[in-house]
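Each remark here refers to the structure printed beneath this line.
For this chain, numbers begin at 1 and follow the sequence in order.
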Amino acid sequence: MSDTTQSGPVLAADGTPLKRSLARALRMQKLRALMLIAPLLLFILLTFILPIADMLFRSVENRIVSDTLPKTVVALQDWDAKGDEAPGEVVYENLYYDLFVAAEAKEHTKLGTRLNYEQTGISSLFRSSGRKVDDIGKDHVKAIERAGGGALKDEALWFEIMTGGSGAASNSDLLDAQRTKMRHLTSEDFPADIGFVPGADFSALFPRTARAYTDFALFTAVMDEDVVAEEDPWESVMVAFASEVQADGGAEKLAGYSGPGAAELKTAAEALADLEPISFKASFLDIDEDWGDVANWRTIQTYSPKYTSGYFLNSIDMQKGPDGAEARPENQQIYITLFQRTMFMSLVITASCIVLAYPIAWILANLPARSANLLMILVLLPFWTSLLVRTSAWKVMLQQQGVINDVLVWLGLVADDARLVMINNQFGTIVAMTHILLPFMILPMYSVMQTINPSYLRAAKSLGATNWTAFWRVYFPQSVPGIGAGSILVFILAIGYYITPEIVGGTKGVFISNRIAYHISSSLNWGLAAALGAILLVVVLILYWAYDKIVGIDNVKLG
């Protein structure tokens, strides 16, 4: 007998409180259950959750502009995009150094392609400028190279100038900053030791030249895998030196410089004295006059932020402008129409499947097992046939010279010179997709109808109900869960279908999914494709929520 006078906690056999022991046992059970389903969870996470998250992120990610033109976008912040004047000299100067590095890394074409989604023609502007950017300031480069008998043609001397010589103080912050910039630009890792660290004294006097040489050193050591001290510096290094020496106060800075190569640099400065300072704006306009087009600069400025709503605006036939969101020109509006068409045709296909599938499912559920199994094989037969073959068959049958038109003409229902146009339009898409998706409606209906007891109908009729009343008041309400399950299945499959509309839809029967596929595989505008996919996902979730509120998802059954 238990001691009813004990007032302490109930203990387990090992002496621990029973409550704690039960909690530990329950926790172990949950952990074992989690371990059993862990492989499936991991598989779903890697193949379903992460791809969707990546798609959603790509719809707002826009780092390519700021990563490719980091200094330009900063300088462009002060430019008035609403005015009629192109940016000033400072913006073009920063554009030169950013574009020079991007062209060396062959990243400028990617930027041009990205901006070309927003401003037609800007891709060719970047492509042509990338080829000619090293011609800017070529007279100044030659003057530096010829000065002092070609002393500054020595790559080792440039290396010594930039490092400040042995024992000199270094500027690691500059190296780290340029390393981060190059990593963002190329997506490559730049290790800590590249055999070069800019000198503190020279980089303080001529920061632009030091940055240009550091870019050259990082690229040479990592991308080209060469020794920095054995390679000729880029033209941008000499252009930077010429610009800084010819700028106000540049000569005084050089006069106070006493580090390595001081004499050679002063000789080069004397050679530059006869040349006009480089005008970067004029040089870019010489390369291509479109660099003076305000619309191009507006596009660069508008899409400078690392994250943008531009893809989503494009998805609803809008665009970002100087004053915010604005409607696209009427002749460029297409996506709202495609969304509406996709929703309408998916609903029509779902309704068609319900109408066709219901009697078939009813027959299957009420036939003897042997006959029902034979009929079920016919229902499942399309699953054993290639989707491409079925779609191609409909393309042949629905043509004006196809089987259906021939039969209609033979029956006299259609004149030979007035054959029906049933392919490459919405009708063709609806017919083909209804046939393809019909089994997905029949099977849930059949599963639910099999569970309906036939005695209910007999009972209703014995009480005086007509066949229609017995069906409508007794049988149909019990089959609604099957209709709901099939409708959700068919509608979600239809809204994202791609192959069939592409083959039989023509220009009037394609879905939004075809446009998404085009942007992924042809135009490579993955951001817009991700935005369109995200909107499609949200629409499906909203419809699912509405279906749950109206019908109730608990009423959906598969058998």
Side-chain angles (χ1 to χ4, degrees), residues 345-398 402-404 407 422-423 426-457 467-468 470-472 474-505 509 511 513 547 551 553 555-559:
M345 293 178 66
S346 297
L347 289 173
V348 171
I349 291 165
T350 304
S352 302
C353 287
I354 292 174
V355 172
L356 294 175
Y358 198 93
I360 298 174
W362 185 86
I363 293 173
L364 279 170
N366 290 278
L367 278 177
R370 184 175 180 180
S371 302
N373 290 337
L374 182 61
L375 189 57
M376 180 59 75
I377 292 175
L378 298 179
V379 172
L380 297 176
L381 193 60
F383 286 126
W384 305 333
T385 309
S386 166
L387 174 63
L388 192 61
V389 171
R390 282 180 281 161
T391 305
S392 301
W394 277 112
K395 193 172 182 65
V396 173
M397 292 179 65
L398 293 175
V403 177
I404 296 178
V407 172
M422 298 184 290
I423 198 68
Q426 293 186 14
F427 180 80
T429 300
I430 291 173
V431 170
M433 287 188 61
T434 298
H435 167 251
I436 290 169
L437 296 177
L438 192 58
F440 294 98
M441 184 68 77
I442 293 175
L443 295 177
M445 285 185 178
Y446 168 68
S447 298
V448 171
M449 289 179 181
Q450 262 195 327
T451 64
I452 302 175
N453 195 331
S455 63
Y456 294 163
L457 282 177
N467 288 337
W468 170 252
F471 165 76
W472 185 248
V474 177
Y475 191 88
F476 182 77
Q478 296 182 77
S479 65
V480 167
I483 299 175
S487 299
I488 289 181
L489 196 59
V490 169
F491 181 80
I492 292 179
L493 287 174
I495 204 172
Y497 234 67
Y498 161 67
I499 295 178
T500 304
E502 183 71 20
I503 295 177
V504 302
F511 285 8
S513 54
Y547 184 89
V551 180
I553 199 66
N555 294 323
V556 175
K557 296 179 181 177
L558 293 175

Specify the closest pair of heavy atoms between [X] and [Y], including all atoms of both residues, with the distance to one decimal.
| X | Y | result |
| --- | --- | --- |
| Val448 | Gln478 | CG1-O, 3.5 Å |
| Val355 | Pro359 | O-CD, 3.2 Å |
| Ala365 | Met449 | CB-CB, 3.7 Å |
| Ser487 | Ile354 | OG-CD1, 3.4 Å |
| Pro444 | Ala485 | CB-CB, 4.0 Å |
| Pro481 | Pro477 | CD-O, 3.9 Å |

Rounded to the nearest 0.5 Å, what separates atom [atom1] in [X] from atom [atom2] in [Y]?
| X | Y | atom1 | atom2 | answer |
| --- | --- | --- | --- | --- |
| Ile349 | Leu437 | CD1 | CG | 6.5 Å |
| Leu388 | Ile503 | CG | CD1 | 5.0 Å |
| Leu380 | Thr385 | CG | OG1 | 11.0 Å |
| Tyr446 | Thr451 | OH | OG1 | 11.0 Å |
| Asn366 | Gln450 | CG | CD | 10.0 Å |
| Asn453 | Tyr475 | CG | OH | 11.0 Å |

In sequence, state the C-alpha distance, the side-chain angles, and the governing distance for Ile452 and Val474, and then conclude on side chain to side chain contact (heavy atoms under 4.5 Å, CB included).
CA-CA 10 Å; Ile452 302 175; Val474 177; over 6 Å; no
Aromatic plane relationship, Tyr358 with Phe476 - under 30° parallel, 30 to 60° tilted, over 60° perpendicular:
tilted
Output, in order, the C-alpha distance, side-chain angles, deciding distance and verdict of side chain to side chain contact (heavy atoms under 4.5 Å, CB included) for Met445 and Ile442.
CA-CA 5 Å; Met445 285 185 178; Ile442 293 175; 5.9 Å; no
Is there a donor-acceptor contact under 3.5 Å linking the side chains of Tyr497 and Thr429?
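Not at all, the side chains of Tyr497 and Thr429 share no donor-acceptor pair under 3.5 Å.
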Are the side chains of [X] and [Y] in touch, meaning some heavy atoms are under 4.5 Å apart?
| X | Y | answer |
| --- | --- | --- |
| Val431 | Val504 | no |
| Phe491 | Ile495 | yes |
| Leu443 | Met376 | yes |
| Thr434 | Val348 | no |

Applying side chain to side chain contact (heavy atoms under 4.5 Å, CB included), run through Ile404 and Leu398 and close with a yes or a no.
CA-CA 6 Å; Ile404 296 178; Leu398 293 175; 3.6 Å; yes
Please report the C-alpha distance between Cys353 and Phe440 in whole Å, then the side-chain angles of each, then the deciding distance to 0.1 Å, and finally whether the side chain to side chain contact (heavy atoms under 4.5 Å, CB included) criterion is met.
CA-CA 9 Å; Cys353 287; Phe440 294 98; over 6 Å; no
